[in-house]
Amino acid sequence: MCAAVNEDQTHLVEYLQRIGFPLPADGSLPGPTLKTLWQVHRLHALNIAFENLTFVHHKLKESERPIDLAHLHKRVVHGGRGGMCQEMNPLLFANLQRLGFHCYQGMASVVLQGSFKPAAKPFEGLVTSTNLGDTINCMGTHQIIFACVDGAWHLCDVGFGGLGIAEPIHLQAYDEAAATNGTGDSSEGAQQQEAPEPWGVLPGAAAAAAAGCPGESHQCGSRFRLRRGVIGSAQLLPADQAASHPEALSHVGWYLQCLVKGQWVDVYYFTRTLVTQPVISACAEASFRGHPLFNNHMVVTKPLEDGRATLMDWLLKVRRNGVVVEARELKSEEERDGVLADVFGINLAH
């Protein structure tokens, strides 16, 4: 038992060093506070790229590409690689647990498809599996995390890629904002609000509140918000109307939305259902095995302090504050390997 505890602590310290977390000289570890959650989530997103290099280069089945925690630690923490959702989020989840956070894993159903167009069948991906002895239908193919700090739950996700969040989002923030601001939309006449005290709220939400956009999260040059909604419905359902739809109560959840070219775009839908690792693995395998993008194209992306860098096959694009500041076709494997190392911090030796 002592050996396992020591190994867990060693792996935690190595993970924190990998993401650039500022550890004190005395070797003490941070406590499970809101500030720690924000720092770990943000640093992971900024320093470990979303990438499918192993998957697309070697065409591996999930069973042939180990994604257990030991292999993830070796490849991502020691090896300087990144990963997809079923690699990135389990690694974050394990280390949040090691830090003492109360958290659990869930699944989301991706609504987005192609160039910001709604998927034709956005809620595909029902996978029958065994969860704690019960046969269930699990909706979704994208893994997410829920973490609790001081009784408040937050959405955590470092594994979505292109329109993914870089910081946690407070799950109750939408309901509170909607109660004071109707739909939660910002309007031209919205009253400016002072930024809350440090760590009274997450910085992304504080920045949004200071800009007169309550209920949003402004982070890394992007704007996000959560919307209450019902599975299978394009009509967003305000929380105060949920009780009048008893047939949908078991499917009332949230849509993560991102502001793209002036329009709020649904990214994915989720509920607060706990999902166990066997179900997550089954969903992830069903998703990636038949996914045309991840099967046939190299996809590498990482948020920047004020934007995002993305490499799709040979095309590199860098956006800052919503504006493309660089777009170029790479001419050789040597140039591409250099970009992977210099822009995305990926070590191709592993």
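With Arg98 as the fixed residue, the side-chain contact (heavy atoms from CB on, under 4.5 Å) test singles out one of Leu16, Leu29, Val13, Leu12: Leu12. When each of Tyr104, Trp254, Trp153 is paired with Phe146, the ring pair (Phe, Tyr, Trp, His ring centres under 6.0 Å) condition holds for Tyr104 and for no other.
Two residues are said to be in side-chain contact when any heavy atoms from C-beta on lie closer than 4.5 Å; Ile165 and Ser217 fail this criterion. The side-chain heavy atoms of Ile346 and Leu348, taken from C-beta on, include a pair separated by under 4.5 Å. Side chains of Met298 and Met312 form no contact here, defined as non-hydrogen atoms less than 4.5 Å apart. Looking at heavy atoms from C-beta onward, Ile48 lies out of side-chain contact with Val158 at the 4.5 angstrom threshold. The side-chain heavy atoms of Glu335 and Arg328, taken from C-beta on, include a pair separated by under 4.5 Å. A 4.5 Å side-chain heavy-atom check between Asp157 and Leu256 finds every atom pair outside the cut-off. Between Tyr15 and Leu92, the closest side-chain pair of non-hydrogen atoms falls below 4.5 Å. When side chains are defined from C-beta on, Gln39 counts as touching Pro22, because their heavy atoms get closer than 4.5 Å.
Panel note: side chain Gln219, backbone Glu167; a donor-acceptor pair is recorded below 3.5 Å. Checking side-chain atoms of Glu51 against main-chain N and O of Gly82 turns up a donor-acceptor pair under 3.5 Å. The main-chain N or O of Gly31 is found under 3.5 Å from a side-chain atom of Thr36 such that the two form a donor-acceptor pair. His41 places a side-chain N or O within donor-acceptor distance of the main-chain N or O of Ala166, the cut-off being under 3.5 Å. Checking side-chain atoms of Asp266 against main-chain N and O of Gln257 turns up no donor-acceptor pair under 3.5 Å. A donor-acceptor pair under 3.5 Å links the side-chain atoms of Thr10 to the main chain of Asn6, judged by distance alone. Side-chain atoms of Lys302 come within 3.5 Å of backbone atoms of Val343 as a donor-acceptor pair (strictly under, hydrogens ignored). Judged by distance alone, the side chain of Arg18 and the main-chain N or O of Asn47 form a donor-acceptor pair under 3.5 Å. Thr301 contributes a side-chain N or O that, together with a main-chain N or O of Ala309, makes up a donor-acceptor pair within less than 3.5 Å. At least one donor-acceptor pair under 3.5 Å links the side chain of Asn52 to the backbone N or O of Val299.
Comment: Glu305 engages Arg42 in a salt bridge, judged by a side-chain N to carboxylate O separation of less than 4.0 angstrom. Salt bridge status for Glu87 with Arg75: present, with a side-chain N to carboxylate O gap under 4.0 Å.
Checking Glu329 against Trp314 by side-chain atom types alone, no donor-acceptor pair falls below 3.5 Å. Judged purely by distance below 3.5 Å, without hydrogens or angles, the side chains of His44 and Asn95 never pair a donor atom with an acceptor atom.
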* Check step by step if side-chain contact (heavy atoms from CB on, under 4.5 Å) holds for Cys103 and Gln97. => CA-CA 7 Å; Cys103 52; Gln97 287 187 311; 3.7 Å; yes

* To do: For the pair Phe224 and Glu216, evaluate side-chain contact (heavy atoms from CB on, under 4.5 Å) and give the outcome as yes or no after the intermediate values.
  => CA-CA 6 Å; Phe224 295 93; Glu216 293 183 19; over 6 Å; no

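A continuous path of hydrophobic side-chain contacts links Leu99 to Leu69 [ILVMFWY only; heavy atoms under 4.5 Å].
The aromatic rings of His170 and His154 lie perpendicular to each other, with more than 60° between the two planes, well past the 30° mark.
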